[in-house]
Structure formats: C-alpha cells, structure tokens
Amino acid sequence: MSDVHVSFNLANDHFNDQEMFLPPAPLLAGAHVSGINAYHELYRNSINNTDEFWKTVASELYFERISNKGLEWNFDHKTGPIFCKFMDGSLTNISYNCLERNIKRGLGGKIAYLWEGNEPSDTSTITYQELLDQVINFSAVLRAHGVKKGDVVAIYMPMITELAVAMLACTRIGAMHSVVFAGFSAESLSARVTDAKCRVILTSDGFYRGAKAINLKEIVDKAVQIASADGVDVTSVIMVEHAKRVTIPEGARPINVGKLSSIYSSYESEMSRLKGTDSPVEWMEAESPLFLLYTSGSTGKPKGIQHTTAGYMCYAYLTTKCTFDADLQNDVYWCTADCGWITGHSYLLYGPLLNGLTGVFFEGVPTHPSPSRIWEITDKHHVTKLYTSPTAARALMAFGDSYLQSTSRNSLRIIGTVGEPINPSAWMWLYENVGNKHCSVVDTYWQTETGGHMITPLPGATPMKPGSATLPFFGVAPVLLDSDGRVIEGPGEGNLCFSRAWPGMMRGVYGDESRFVKTYFAPFNGYYFTGDGARRDEDGYLWMTGRVDDLMNVSGHLLSTAEIESALVAHLKVAEAAVVAAPHDIKGSFPYAFVTLNHGEKLTKELVAELKVLVRHKIGALAVPDIIQEAPGLPKTRSGKVTRRILRKIAEGCDTGLGDTTTLIDENVIKQLISGRNSKG
Ligand code: PRX
C-alpha cells in the first residue's frame with residue numbers, strides 16, 4: 001500500500017488559461033443556477049439589489065421574527081468603526097432550521113447521516129427525527145451542567161454522530177461551540193479552552209484513525225491540568241464511550257481510559273438520566289454569536305473566529321444549495337472534512353442539514369483499509385456529490401488507478417475541492433478518472449473567516465478551468481490590489497480583497513477586537529484582506545497564488561510559521577528558529593525549519609527527533625517540520641528581520657536567483673545554508 005506510482009511536480013503543473021470544460025449537459029439542465037447567463041444575471045442582482053436578494057434567501061428559512069434590516073456594513077475605518085450586520089433585529093435559531101423546520105416539511109423519517117466508521121464493518125444511520133430527539137436530549141444535559149446562552153463549550157471529539165448532536169445542541173440553546181480538531185495536542189486544546197474560558201468540554205474516550213489508537217481522554221486530562229494552571233477551571237467533561245463500542249483495527253492496541261476524575265460524566269448515562277426532559281429552542285438575535293472556531297494567526301497565537309447566527313445560516317444554506325446544486329430528492333452528499341475545520345461546520349453539518357440532505361459522516365481516513373475506501377463508500381451509498389481536498393486527491397492519485405477500477409462511481413455528479421489550490425493534473429484526474437467525465441469539478445475558494453464559498457464555479461453554470469476557482473459567488477466582490485493599495489483592473493496579479501460585506505463573514509476575533517481590524521482591514525483600508533494572492537486572467541477567472549503572509553498551507557490546513565518557531569525555541573538547545581513553506585508533491589507544501597543552536601550544540605538525529613516531538617506536543621502532528629536543518633546563522637537585514645524570502649528559496653532547492661542579498665548583515669550565511677541543505681542530500 002505504500003507504493004506510490006505517480007509522481008508529479010506541483011511547480012511545473014500548469015494549465016492553458018484558454019481551455020474550458022463545460023458543465024455536463026444533465027447537470028446544466030436541472031440546476032438551481034442553469035447556464036452562465038443565469039449566473040451573471042443573479043450575480044448582478046445580488047450586487048445591485050443586495051437586500052432583496054438575501055431577503056428571498058431568508059424567506060426559504062424560518063425566522064421567529066423578521067426585521068426590515070438587510071446587510072449593513074462599514075469597511076472604512078476613517079468613516080467609523082468596522083462592522084457588518086445582517087437582518088439585525090430578527091430572531092431565529094440555526095439548529096431549529098436544520099431539524100424542526102425540515103421535520104415540519106415531512107423529512108422526519110429521512111436519513112440525515114449515514115455514518116461510516118474507521119473500520120468498514122462499523123456503520124449506522126440517523127434520521128432527522130432521531131437527530132432532533134438526541135439534540136433535545138443533549139441540550140437538556142448541557143443545561144443541567146450549567147451551560148447557558150452565550151457560554152462557550154469546547155468540543156474535542158472524533159467524527160461520530162454525537163459530534164453533530166453536540167454542535168446542534170449548543171446552538172439550540174444559544175451556546176457557542178468551539179470545536180477543536182481531535183488531532184491537536186493537549187497544549188493547543190488548553191490554549192483554546194483558556195482563551196474562551198470554557199467550563200465544559202465534550203469529548204470521547206478515544207478513537208482509531210486507520211490502524212492508530214488515539215486516547216482522547218488522556219489528552220483532555222492534560223489540557224484540563226494546563227488550563228487550570230492558567231486560571232481556567234473546567235468543571236465538566238462529558239465523555240462519549242466510543243472506543244469501547246467499535247471494532248479495533250488489526251494491529252492497533254485497545255484504548256484504556258483508566259480512572260475518571262470527578263469532573264467526568266458519561267454521555268450515555270447523562271442522556272438516559274435526562275431522556276424526555278423538555279429543552280426548548282432559544283430564539284437568537286440575528287447578530288448574536290453562533291460559534292467560535294480557532295484558526296492560525298501570523299503572530300503565532302490562534303484567533304477565535306466568531307460567526308453570528310442569521311448571516312452564517314443564510315450563507316451556509318445558499319452556498320450549499322448552489323455550489324452543490326442541492327437536490328432534496330436524490331442527493332447523497334458527502335463532505336470528507338472533519339468538523340474540527342470550517343469545512344466540516346459549513347458543508348458537513350449546517351449547509352447540508354439546512355438543505356434537508358442525506359449526508360455521509362465518515363470517521364476514517366481515505367487510505368484505510370485500502371486506498372479504495374472513498375470509492376467503495378461512494379458506490380455503496382450512491383454518493384452524488386463528493387467534497388474533498390486536493391491533498392486527498394493527490395494522495396489517492398499517487399496510489400494509481402488500480403484502486404479506482406474495482407468501483408464505478410457512476411452515481412457522482414459533482415466533485416468539489418477546498419482548502420488549497422488544486423493543481424491541474426489532480427483536477428484532471430478527478431474529472432476524467434474519478435468522475436468519468438460526467439461530473440462538474442468545483443474548486444471552491446474560501447476561508448474560516450468567510451463562513452462559506454467566496455470564489456467558486458457553479459456546477460450547472462460555470463465553464464471550468466482546471467486550477468482556477470473561477471468566479472465570485474453571489475454578493476461577493478473580489479478586488480485585486482497592488483502593494484500600494486491601487487486597484488488592478490482587468491488581467492493581473494495582486495492581493496485578494498473583498499470590497500463588500502457578505503452575510504457569512506466573521507464578525508470578530510474572540511476577545512480581541514483590535515486584532516480583527518488589524519488583520520483584515522488595516523492592510524488595505526476599505527477592504528477585507530484575505531491574506532492570499534490571486535491572478536485574474538483574460539476571462540476574468542481567478543487563480544489563487546497562495547498566502548502572502550506568514551501562514552503556510554499544509555495539506556489544506558493553515559499553520560503559523562511563528563507558532564512552529566516558538567515551539568522549536570522552547571527547546572533549551574535552540575537559540576533561534578525560522579520556518580518556511582517548501583513545496584511538496586502531495587501535501588502542497590510542508591514546514592521546513594532552520595534552527596540555530598546554542599553555542600557548542602550539534603543537530604544530532606536525537607535532537608531532530610526531540611524537536612519533532614516538541615512541535616507535536618505543543619501544536620499537533622500536522623505542524624511537525626518534515627525537515628529540520630541546522631543554521632549557523634539566519635539571513636537577517638540590518639534591522640534584524642529574518643529574510644524569509646531567501647529561506648523559502650533555499651528550502652525550495654534554489655542555489656541562485658535568491659534576489660537581493662546586499663541588505664543582509666552577513667551574506668556568507670546564505671552559502672552556509674545552501675551547503676548545509678545540500679549535505680543533507
Ligand atoms: O490560502 C487559502 C486556502 O486556505 C486558506 C483558508 O484556510 P482555512 O481558513 O483553514 O479554511 C480552509 C477551508 C475553507 C485560504 O486563505 N484556500 C482555501 N481554499 C482554496 C485555497 N487556496 C486556493 N484554492 C482554494 N480553493
């Protein structure tokens with residue numbers, strides 16, 4: 001299984017801008033947005049008659065009270081504070097809209113999720129009615145544990161349906177969930193728990209990922225201890241006994257949670273204790289906080305991105321409906337993302353449920369027990385829409401087509417990707433080999449902060465170009481700015497910004513209003529700045545060119561170079577560290593670390609291993625640098641700033657063309673770094 005048949009070089013993977021792939025005829029015929037002219041007309045309407053446009057969207061959902069307010073915003077700090085509001089004064093509840101509203105229109109018996117466990121033999125289903133019953137039940141449990149409107153509840157769980165129940169139970173009672181990806185370390189979890197002063201953590205005993213056993217309870221114990229030392233006492237940990245009930249993969253050790261301290265209670269016993277207890281919906285102000293989700297920040301400290309109720313709901317609803325051409329009757333929709341990321345929030349949980357779809361909820365990994373797993377599940381459930389990442393596509397493509405051939409994938413209509421640029425050969429592989437040339441492939445560009453899709457093809461409307469996220473979604477106004485903030489009209493490349501608000505945009509950084517303004521609005525006054533670069537071609541299509549700040553994208557996950565650097569310098573032998581992104585054929589890029597050691601120390605194999613463990617403990621496995629190179633010195637300007645541009649080039653393997661090096665204090669450092677890299681082979 002570890003044989004990799006295909007090798008390709010992302011850097012040379014270009015596509016001719018002129019060539020387009022038209023949406024397949026059957027998709028075009030019945031689509032919500034059918035044909036490019038319909039797209040343009042709706043787009044114009046969304047910009048010119050914004051409030052009317054969104055009012056129509058909101059009318060498809062339930063509001064307990066509707067105000068006459070539309071979308072209001074200010075992005076210009078010279079004229080007043082930066083803000084965005086949507087339907088201010090209205091009352092609604094997203095959990096109600098996902099569940100009761102659908103049940104009232106006859107979907108109670110419909111399957112909400114087909115759960116597929118890590119082992120193919122572990123499966124279950126849950127209907128909309130069953131989901132609602134569990135959500136009411138669990139919201140009563142939360143209330144019994146003292147959780148009330150406005151509180152933040154941390155969720156650190158594997159991909160099990162109780163995670164969906166937990167999120168929906170929080171939003172039912174107006175509590176904000178803060179889901180922490182179950183691959184993050186105890187320190188990362190505690191940092192998030194402490195920042196939002198969470199008193200309650202929802203977790204499970206553990207789970208199996210492929211053949212690996214992950215004991216979540218041990219990690220939670222450590223996180224609770226660290227949080228307590230930092231002044232935040234967690235009073236309840238509610239634990240699902242999941243590892244106990246599943247098949248243990250071959251070769252994995254069983255998960256043993258040991259003794260439970262008094263703050264622990266069992267999910268199952270709490271649910272049966274409070275079964276039948278009434279737990280009414282909390283009607284929420286349109287602009288009241290909905291959830292927090294932490295994302296990497298350039299300074300190293302993760303930012304708690306805050307979304308609000310009505311805007312996020314309408315945006316998740318409409319983007320799912322249009323980008324995946326939601327079909328209430330026939331869809332089996334599968335988003336492979338984990339709920340620990342925004343994709344899991346918007347396109348596994350809220351968007352599909354708001355649209356009344358049946359979704360696949362997958363606990364495992366695409367390569368377990370074989371690289372055919374995704375395609376087997378696709379055939380088994382007749383999946384019509386599949387939403388995944390370019391990294392997953394590249395990884396599966398590298399295993400070779402023999403893993404595809406035992407499956408037909410005939411049910412597929414739309415294949416979506418997200419999280420990072422998709423290279424044209426991976427796009428073509430999805431289009432030709434996976435989708436048998438009868439699917440639209442939608443490369444969706446967006447961010448945790450945007451709540452939903454920003455630049456994306458619509459499957460029955462937009463002619464596709466492999467590698468381009470194409471055109472803006474309704475209501476979205478992309479602008480390219482040069483480094484002086486001048487607008488680039490027509491074809492060109494620049495900093496990707498948005499000149500208008502959209503309902504799903506973030507409303508703040510939790511507990512740090514100034515960071516919200518500083519990060520997103522100060523760089524270019526009057527605009528929301530994404531932190532990404534983009535190119536516009538002759539057809540007006542947008543091509544993402546990557547981050548222009550100190551964040552790096554590894555396998556579709558944003559990491560902060562500063563956060564990895566501070567983990568490395570926490571080692572007593574390390575004096576200084578600089579981390580840059582280097583290109584990787586499967587992951588897109590990987591963290592490449594340069595470390596300067598304290599006098600007399602050597603970068604031995606043991607020290608490299610210790611440093612990797614340190615990063616794993618401080619952040620999580622996904623942030624561990626693939627390469628750690630000793631740097632006798634780092635290239636610095638006279639003002640002491642590390643020139644990452646040069647380090648990036650060195651990590652990419654360049655010996656020449658490093659740009660201007662005359663401003664450095666010591667040009668010799670570069671020669672040493674190049675020879676140090678080459679001697680590593
Ligand atoms: O750099 C862009 C990249 O991922 C960043 C957002 O990461 P995150 O907030 O973790 O959300 C990921 C899931 C929405 C962006 O700033 N990115 C996301 N989608 C694409 C992309 N880059 C290129 N093409 C995309 N389709």
Side-chain angles (χ1 to χ4, degrees), residues 10 13 15 179-181 183-184 292-298 302-307 312 315-316 319-320 323 335-348 351 387-394 415-424 426-427 430 441-457 462 464-473 476 478 495-498 504-506 509 519-520 523 528-535 541-560 563 581 587-589 620 622-623:
L10 290 185
D13 198 354
F15 184 75
V179 184
V180 181
F181 173 58
F184 276 125
L292 297 185
L293 184 59
Y294 284 81
T295 184
S296 298
S298 309
K303 303 177 286 237
I305 303 300
Q306 194 165 323
H307 282 285
Y312 175 85
Y315 206 66
T319 47
T320 306
T323 309
C335 167
T336 65
D338 192 290
C339 280
W341 311 108
I342 190 70
T343 309
H345 284 59
S346 302
Y347 299 112
L348 176 58
Y387 194 27
T388 192
S389 68
T391 289
R394 286 190 293 264
I415 303 171
T417 66
V418 57
E420 50 185 321
I422 181 157
N423 50 306
W427 193 102
L430 289 176
V441 176
V442 291
D443 168 7
T444 62
Y445 167 86
W446 59 296
Q447 308 178 299
T448 304
E449 293 88 335
T450 69
H453 302 149
M454 298 300 280
I455 316 278
T456 180
T462 319
M464 298 161 280
K465 295 188 187 188
S468 169
T470 75
L471 302 171
F473 190 73
V476 171
N495 297 292
L496 177 64
C497 297
F498 298 111
M505 71 175 282
M506 69 185 288
V509 173
T519 312
Y520 303 100
Y528 168 93
F529 174 45
T530 60
D532 286 300
R535 177 171 71 81
Y541 275 41
L542 289 161
W543 303 70
M544 303 307 146
T545 54
R547 299 294 306 184
V548 293
D549 54 11
D550 287 337
L551 296 181
M552 70 173 83
N553 197 318
V554 176
S555 304
H557 302 310
L558 277 194
L559 299 174
S560 149
E563 197 179 2
K587 300 197 274 189
S589 52
L622 73 169

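Whatever order the structure lists them in is the order used to number ligands and atoms, beginning at 1.
- Listed by chain and number, I342, T343, V418, G419, E420, P421, D443, T444, Y445, W446, Q447, T448, E449, D532, M544, R547, N553, L558 each place a non-hydrogen atom less than 4.0 angstrom from ligand 1.
- For P421, the side-chain contact (heavy atoms from CB on, under 4.5 Å) criterion is met by no residue, not counting sequence neighbours.
- Listed by chain and residue number, F324, Y347, H453 satisfy the ring pair (Phe, Tyr, Trp, His ring centres under 6.0 Å) test with Y387 (two or more places apart in sequence, or in another chain).
- No side-chain N or O of T530 forms a donor-acceptor pair with one of Q447 less than 3.5 Å apart.
- Scanning both residues, I422 and P390, for their nearest heavy atoms gives CB-CG, 3.8 Å.
- Take A393 and apply the side-chain contact (heavy atoms from CB on, under 4.5 Å) test, not counting sequence neighbours, and it matches L430.
- Remark: the T448 side chain and the Y294 side chain contain no N/O donor-acceptor pair separated by less than 3.5 Å.
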